[in-house]
Amino acid sequence: MDPKAHLRLARPTRDPAAIERFYVSGLGLEVLYRGAGNAPGEHDLLMLGWPGAGWHLEIVGGANLTVRPSPTAEDLLVLYLSGPVDDTLVARLEAAGGRRVSQGPYWDRWGVTVEDPDGYRLVLSTRSWGNAG
């Protein structure tokens with residue numbers, strides 16, 4: 001398998017507009033694709049990310065959604081910033097519907113955690129990360 005394969009993280013939402021506001025207006029991602037699920041068994045799609053990145057978020061919702069969000073405190077999307085978390089970024093995330101929460105001693109020491117409108121947690125880590133051994 002190619003280690004440069006694109007990664008898609010998919011999850012359901014109760015409110016696609018609220019999630020778009022959080023991740024686009026708050027975090028600064030872009031809408032990469034939007035589609036409406038008009039036929040039985042289809043659902044609305046919202047794909048968010050940064051153009052050229054090796055990953056994107058796929059948000060599914062709409063009237064045909066059969067699975068509802070069920071986040072736990074361990075469902076984390078971690079962004080390694082390799083530096084301090086900008087207070088204005090956290091303020092934008094909160095203004096866009098997020099809520100700052102404690103994620104325990106480790107993540108509270110190494111970053112800031114913000115719940116999105118569905119309750120999934122975004123960690124903005126001050127640390128860096130690399131997969132090279």
Side-chain angles (χ1 to χ4, degrees):
M1 180 149 66
D2 183 354
K4 294 181 183 174
H6 192 87
L7 175 68
R8 174 187 292 183
L9 302 170
R11 69 168 186 81
T13 184
R14 292 182 293 260
D15 188 346
I19 293 304
E20 181 176 346
R21 189 170 41 258
F22 179 81
Y23 285 101
V24 173
S25 298
L27 186 58
L29 299 182
E30 295 182 24
V31 175
L32 303 174
Y33 176 82
R34 181 190 315 274
N38 297 320
E42 293 182 352
H43 48 265
D44 297 342
L45 290 175
L46 180 63
M47 294 184 184
L48 306 170
W50 287 298
W55 61 274
H56 71 271
L57 299 176
E58 177 188 87
I59 306 300
V60 297
N64 296 328
L65 186 66
T66 57
V67 176
R68 297 291 173 214
S70 56
T72 72
E74 294 302 322
D75 289 317
L76 305 178
L77 173 61
V78 180
L79 295 179
Y80 292 93
L81 303 178
S82 301
V85 177
D86 186 344
D87 291 335
T88 59
L89 173 57
V90 176
R92 276 198 329 262
L93 287 164
E94 291 176 321
R99 183 174 68 93
R100 187 172 178 167
V101 296
S102 172
Q103 187 56 35
Y106 179 85
W107 287 117
D108 289 352
R109 177 179 178 196
W110 296 111
V112 173
T113 303
V114 182
E115 272 188 353
D116 75 15
D118 284 323
Y120 288 96
R121 294 179 175 200
L122 169 67
V123 177
L124 303 169
S125 177
T126 60
R127 303 192 83 180
S128 59
W129 180 266
N131 286 344

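No salt bridge links E74 with R121; every basic N to acidic carboxylate O contact stays at or beyond 4.0 Å.
Using a 4.5 Å cut-off on side-chain heavy atoms (C-beta onward), E115 and R100 make no contact. Contact annotation: the side chain of I19 never approaches that of R21 to less than 4.5 Å [non-hydrogen atoms, C-beta and beyond]. Using a 4.5 Å cut-off on side-chain heavy atoms (C-beta onward), S125 and L81 make no contact. Two residues are said to be in side-chain contact when any heavy atoms from C-beta on lie closer than 4.5 Å; Y33 and L48 fail this criterion. Side-chain atoms of W107 and V112, non-hydrogen and from C-beta on, never get closer than 4.5 Å to each other. Considering only heavy atoms from C-beta on, V101 stays 4.5 Å or farther from V114 through its side chain. Put simply, the side chain of L45 does not reach to within 4.5 Å of the side chain of I59, judged on heavy atoms. Using a 4.5 Å heavy-atom threshold, the side chains of T13 and Y120 count as separate.
We find the OG-CG distance between S70 and D75 to be 7.5 Å, quoted to the nearest 0.5 Å. For the atom pair R34 CZ and M47 CE, the distance stands at 12.0 Å (nearest 0.5 Å). Put simply, CG on L77 and CG on L124 are 9.0 Å apart, with the number rounded to the nearest 0.5 Å. L79 CG to W129 CH2: the interatomic distance, rounded to the nearest 0.5 Å, is 14.0 Å. Within the model, atoms OH of Y23 and CG of L29 stand 8.5 Å from one another, a figure rounded to the nearest 0.5 Å. Note that CG of D15 and CD of E20 are 10.5 Å apart. Values are rounded to the nearest 0.5 Å.
Between G28 and W50, the shortest heavy-atom contact is O-NE1, 3.2 Å. Across all non-hydrogen atoms, the minimal contact from R14 to P117 is NH2-O, 3.8 Å.
Looking at residues two or more places apart in sequence or on another chain, you find no side-chain hydrogen bond (donor to acceptor under 3.5 Å, both in side chains) involving S128. Every residue two or more places apart in sequence or in another chain that forms a side chain to side chain contact (heavy atoms under 4.5 Å, CB included) with T126 is listed here: V85, W110. Considering only residues two or more places apart in sequence or on other chains, R11 meets the salt bridge (Lys or Arg N to Asp or Glu O under 4.0 Å) condition with D116, D118.
Under the 3.5 Å distance criterion, with hydrogens and angles disregarded, a donor-acceptor pair is assigned to the side chains of T88 and D86.
W55 and L76 are not part of a single hydrophobic cluster, where members link through side-chain heavy atoms under 4.5 Å apart. When hydrophobic clusters are built by joining Ile, Leu, Val, Met, Phe, Trp and Tyr residues whose side-chain heavy atoms come closer than 4.5 Å, directly or via intermediates, V24 is grouped together with V90. Transitive grouping of hydrophobic side chains (ILVMFWY, heavy atoms separated by less than 4.5 Å) brings L57 and L46 into a common cluster.
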**OP:** Carefully, step by step, assess F22 and L27 under the rule side chain to side chain contact (heavy atoms under 4.5 Å, CB included).
**Re:** CA-CA 7 Å; F22 179 81; L27 186 58; 5.8 Å; no
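Looking only at distances, a side-chain donor or acceptor of Q103 sits under 3.5 Å from a matching main-chain atom of A73.
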